[in-house]
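Notes follow the structure.
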Amino acid sequence: MRSMWLCLLPLLLCTSFEDCRADPPPPPPPPSSLGWRSSPPSASSGSSLCTLARVDASTPEGVRRFWNAHVKGERPAVLINARSGPKSERYTRSFDEFLRRIERNAMLKEHGQAVITLSTANSYSHDKRKVTLEEYIKQALDHAAEKRVNGTHTGRAEELRGNETYLWFGDHDDASDGRRLRKMIDTYEHSMPEAMQIPGTTFKRDVALSFGIGGVGTGVPWHTHGAGFSECFSGRKRWFFQPPDDPPVWDPDATTAQWLATATAQKHSRWMECVLHPGEIVYFPSEWHHATLNLDEVIHISAFVNGGWAATSAKATAARERGLRIMASRRAAAGQEL
């Protein structure tokens, strides 16, 4: 009898089934970083913290649960094990080919002299700059990694701000070998996990893929846009979220690292967050405020969804309008903290 009560005790302490259900274990790390740099985990990086729901997408039931609770419910989530389970030969062949193409040495060999378009890493990404991919990798990424190794990447205001920092994300068709880059991205399209194929959407019509490479300590500060997914293949990316009607207070031209280091970030620390590891996928609902910070050299693809359940809803639009009013009030109250 005593042993039976000991078995039931954990259930009696839960307030709901959701409270009792254990998070699924994270997938094992990939055997290789694909040649891109990684940094040792640190307590300040938040690499072990995740306040978002983590959904096991390895089964059809898990995928349906994600669609109903998060896509329909307009709540961010992290999908794990999305590439587990039996897959078609074409799927496996396409994904293996994609991973081969995004290795550091392969990117330099096949696309090193391609002229790519960089965007400023501030909230609105107004300015553009054209460089070769080799220049971007060996100057911007290597410089960021060197600062991290030497302990000089602190996020202080005297460092380059977001409107002075450039990242490669999207604008593939503008590259000098855009057709070859598009072929690389097409290999990913043929291996998109089921959880990303939202009912009611047609890929060619409703989904836009953007490939990106970001250096250690870089990222994009708070911004909003339509719904979508982001899958990480190498490196860790820290994501921050706040609902549409609960906007953060931030300087649009500061980097995420600079924002995080400010008193404003601590004063208004109501965000949800999670560090995305290789093999994981984050879902961002329409109009949710979010920011990112790369803890390593990060290779990722985002899929922006414009149709089906992920279309901007009346609920999201109304929340966004409330958020704009709240944002103006908070910025006025924060004054010089911005």
Side-chain angles (χ1 to χ4, degrees), residues 44-46 49-52 74-78 118-127 153-157 159-167 169-170 210 212 214-215 217-230 232 236-276 282-295 298 300 302 304 312 316-338:
S44 61
S45 70
L49 177 66
C50 187
T51 57
L52 298 180
E74 299 182 26
R75 301 284 297 178
V78 171
L118 310 182
S119 302
T120 49
N122 54 348
S123 294
Y124 307 113
S125 301
H126 287 309
D127 295 331
H153 201 302
T154 63
R156 292 193 300 266
E159 295 185 348
L160 287 178
R161 288 165 59 78
N163 58 327
E164 302 170 313
T165 306
Y166 288 81
L167 296 174
F169 180 60
S210 288
T218 63
V220 180
W222 293 99
H223 61 287
T224 63
H225 45 61
F229 302 84
S230 186
C232 194
R236 299 161 297 154
K237 179 185 285 285
R238 189 175 178 183
W239 285 78
F240 304 87
F241 285 92
Q242 284 193 208
D245 56 356
D246 185 17
V249 176
W250 86 104
D251 177 350
D253 286 332
T255 66
T256 304
Q258 289 164 350
W259 164 79
L260 196 59
T262 64
T264 300
Q266 305 307 318
K267 182 177 179 180
H268 301 283
S269 57
R270 291 182 297 272
W271 64 78
M272 296 180 285
E273 67 173 283
C274 196
V275 172
L276 202 67
V282 67
Y283 171 69
F284 44 87
S286 180
E287 300 299 335
W288 273 66
H289 304 275
H290 57 281
T292 61
L293 178 62
N294 297 323
L295 306 181
V298 172
H300 66 109
S302 289
F304 298 95
T312 302
T317 301
R320 170 66 171 163
E321 291 174 353
R322 290 195 303 273
L324 290 173
R325 294 192 294 270
I326 295 170
M327 184 187 302
S329 175
R330 288 179 179 170
R331 284 191 168 183
Q336 296 303 313
E337 292 180 356
L338 288 176

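Here the OG1-CG distance, from Thr165 to Asp127, works out to 12.0 Å after rounding to the nearest 0.5 Å. Taking CG of Asp253 as the reference point, atom OG1 of Thr120 lies at 8.0 Å (rounded to 0.5 Å). Atom CG of Asp246 sits about 9.0 Å away from atom CH2 of Trp288, to the nearest 0.5 Å. Rounding to the nearest 0.5 angstrom, the gap separating the OG atom in Ser119 from the CZ atom in Phe169 is 9.5 Å. Residue Phe241 holds its CZ atom at 9.5 Å from OG1 of Thr292, rounded to the nearest 0.5 Å. Summarising the geometry, atom OH belonging to Tyr283 is positioned 12.5 Å from atom CH2 belonging to Trp239; distances are rounded to the nearest 0.5 Å.
A donor-acceptor pair is defined here as one N or O able to donate and one able to accept, closer than 3.5 Å; such a pair exists between the side chain of Thr256 and the backbone of Val220. The main-chain N or O of Glu273 is found under 3.5 Å from a side-chain atom of Thr51 such that the two form a donor-acceptor pair.
Here the closest heavy-atom approach between residue Ser230 and residue Ser302 is recorded as OG-OG, 3.2 Å. Scanning all heavy atoms of the two residues, the minimum distance from Ala291 to Pro221 falls at CB-C, 3.7 Å. Considering every non-hydrogen atom in both Gly217 and Ala257, the closest pair reads O-CB, 4.4 Å. Summarising the geometry of Leu167 relative to Gly219, their closest heavy-atom pair is CD1-O, 3.7 Å, with the distance given to 0.1 Å. The minimum heavy-atom distance between His289 and Pro244, with the atom names listed, is NE2-O, 3.3 Å.
Between Asn294 and the choices Arg236, Lys237, Arg238, the side chain to side chain donor-acceptor pair (under 3.5 Å) rule is met once, by Lys237.
No hydrogens or angles considered: a donor-acceptor pair under 3.5 Å links the side chains of His290 and His223.
Side-chain atoms of Phe304 and Ser210, non-hydrogen and from C-beta on, do get closer than 4.5 Å to each other. Using a 4.5 Å cut-off on side-chain heavy atoms (C-beta onward), Cys232 and Val298 make contact. Side chains of Trp222 and Pro248 form a contact here, defined as non-hydrogen atoms less than 4.5 Å apart.
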Kindly determine whether Thr218 and Thr255 satisfy side-chain contact (heavy atoms from CB on, under 4.5 Å), including the steps that lead there.
CA-CA 7 Å; Thr218 63; Thr255 66; over 6 Å; no

With side-chain contact (heavy atoms from CB on, under 4.5 Å) as the test, would you mind laying out the steps for Phe284 and His225 before giving the verdict?
CA-CA 9 Å; Phe284 44 87; His225 45 61; 3.3 Å; yes

Go through the steps for Trp250 and Phe240 under the test ring-ring contact (aromatic ring centres under 6.0 Å, His included), then give the verdict.
CA-CA 13 Å; Trp250 86 104; Phe240 304 87; over 10 Å; no

